Amino acid sequence: MREKELRRSMSVFPIGTVMKLTDLTARQIRYYEEQELIHPERSDGNRRMYSLNDIDTLLEIKDYLSDGLNMAGIKRVYEMKVAKEKEAKNKPPLTDEDVRRIFYDELLAQGGLNQQQPYQQKGPRM
DNA sequence: GTTCTTACA
DNA sequence: TGTAAGTA
């Protein structure tokens, strides 16, 4: 069933489509590429072509943003996800999603990566 | 008409 | 981030 992964990685959407699907501006989408969070391919006339995976990542980024994480924090989330994926190949059977969630919560709890608005603890810790 | 790069607010 | 300018 690797066929699906292959298709998800095919870059076929122009930035206009991605904008509608993610509600992000072209500015933001290009900026996130600059931050190496997504890697759209270039096609005819130097136009960026995005894959389903890119759109997925973009939607995740939007979630993180709405929870108060800044670029630095988001980049760290992805860095740690990558680092943990390697480590997880030999250890606990945590899913990709679990790992991301764990570190995401850790980051917010630490509240050490918000240069602008500090993270607010959502509920009381009884 | 859409997207790209560059650059300034 | 938004937006304007000049292109491809």
Side-chain angles (χ1 to χ4, degrees):
Chain A
M1 198 71 105
R2 180 125 299 185
E3 194 75 12
K4 214 183 293 178
E5 268 307 300
L6 203 69
R7 297 185 193 288
R8 293 185 70 72
S9 299
M10 292 198 292
S11 302
V12 296
F13 305 105
I15 197 168
T17 301
V18 180
M19 287 173 69
K20 292 174 183 173
L21 263 36
T22 64
D23 277 305
L24 291 171
T25 65
R27 184 77 162 82
Q28 288 176 297
I29 296 171
R30 298 189 187 115
Y31 177 64
Y32 302 148
E33 173 188 4
E34 220 176 319
Q35 303 308 301
E36 298 186 86
L37 266 31
I38 52 177
H39 311 92
E41 286 170 29
R42 291 304 185 108
S43 183
D44 70 275
N46 196 42
R47 279 174 164 62
R48 272 170 267 250
M49 300 301 272
Y50 301 82
S51 71
L52 248 28
N53 281 326
D54 289 327
I55 294 175
D56 247 54
T57 300
L58 252 16
L59 290 173
E60 278 178 28
I61 293 174
K62 209 175 58 158
D63 278 355
Y64 293 144
L65 251 26
S66 62
D67 273 331
L69 273 191
N70 55 29
M71 271 308 106
I74 292 175
K75 288 175 77 173
R76 287 179 55 181
V77 169
Y78 282 89
E79 285 172 20
M80 285 186 275
K81 183 175 66 171
V82 173
K84 273 304 171 186
E85 283 174 346
K86 296 179 181 176
E87 187 180 321
K89 281 184 184 288
N90 316 302
K91 304 210 169 182
L94 286 180
T95 70
D96 228 40
E97 206 176 321
D98 290 330
V99 176
R100 190 201 313 140
R101 189 68 219 173
I102 292 173
F103 285 95
Y104 177 40
D105 288 339
E106 265 180 38
L107 283 175
L108 292 179
Q110 291 174 179
L113 32 68
N114 278 313
Q115 304 165 185
Q116 301 189 307
Q117 282 96 55
Y119 171 66
Q120 301 301 312
Q121 189 66 47
K122 285 168 183 170
R125 296 205 176 198
M126 324 248 281

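We use all heavy atoms of the structure for the numbers below, so side chains are in, but hydrogens, waters and symmetry mates are not. A quick note: this is a predicted structure, and the numbers were derived from the prediction, not measured. Just so it is clear: chains get the letters A, B, ... in the order the sequence lines come, proteins before strands, and each one is counted from 1.
- The side chain of A:Thr25 sits closest to C:dG2 out of B:dC4, B:dT3, C:dG2.
- Shown are A:Thr25, A:Ile15, A:Ile38; of these, the side chain to side chain contact (heavy atoms under 4.5 Å, CB included) with A:Arg30 is made only by A:Ile15.
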Steps toward side chain to side chain contact (heavy atoms under 4.5 Å, CB included) verdict (A:Tyr32, A:Leu24): CA-CA 11 Å; A:Tyr32 302 148; A:Leu24 291 171; 4.1 Å; yes
Watson-Crick and G-U pairing of DNA chain B written in dot-bracket, each distance under 3.5 angstrom, with | for inter-strand partners: .|.||||||
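- Inspection of the A:Glu60 and A:Tyr78 side chains reveals an N or O donor paired with an N or O acceptor under 3.5 Å.
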Annotated protein contacts, base or backbone, on nucleotides 3-8 of chain C with a non-hydrogen cut-off under 4.0 Å, one of B, S, - each: B----B
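- Contact annotation: A:Arg30 side-chain N/O to C:dG2 OP1/OP2 distance is not under 4.0 Å.
- Side-chain contact between A:Arg42 and A:Met49 is absent, with no heavy atoms from C-beta onward closer than 4.5 Å.
- At a threshold of 4.5 Å between non-hydrogen side-chain atoms, the residues A:Leu65 and A:Ile61 count as touching.
- Residue A:Met19 contributes atom CE, which lies 10 Å from atom C1' of B:dT3 at whole-angstrom precision.
- Atom CD1 of A:Ile29 is separated from atom C1' of C:dG2 by 14 Å (rounded to the nearest Å).
- Between the CZ atom of A:Arg48 and the P atom of B:dT3 there is a distance of 11 Å, rounded to whole Å.
- Distance A:Phe13 CZ to B:dT3 P: 14 Å, rounded to the nearest Å.
- Rounded to whole Å, atom C1' of B:dC4 lies 10 Å from atom OH of A:Tyr50.
- Protein atom CD of A:Gln35 is 13 Å distant from nucleotide atom C1' of C:dT1, rounded to whole Å.
- Phosphate proximity of C:dT1 to A:Tyr32: present, with a side-chain N or O under 4.0 Å from OP1 or OP2.
- Within the 4.5 Å cutoff, the side chain of A:Lys20 has no heavy atoms near those of the A:Thr17 side chain.
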Test side chain to side chain contact (heavy atoms under 4.5 Å, CB included) applied to A:Gln28 and A:Thr22, step by step: CA-CA 11 Å; A:Gln28 288 176 297; A:Thr22 64; over 6 Å; no
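- Side chains of A:Asp54 and A:Thr57: no donor on one and acceptor on the other come within 3.5 Å.
- Considering A:Glu41, A:Glu33, A:Glu34 as possible partners of A:Arg48, the one that fulfils the salt bridge (charged side-chain N to carboxylate O under 4.0 Å, His left out) test is A:Glu33.
- Going from atom CD of A:Glu34 over to atom P of C:dT1 covers 12 Å, rounded to whole Å.
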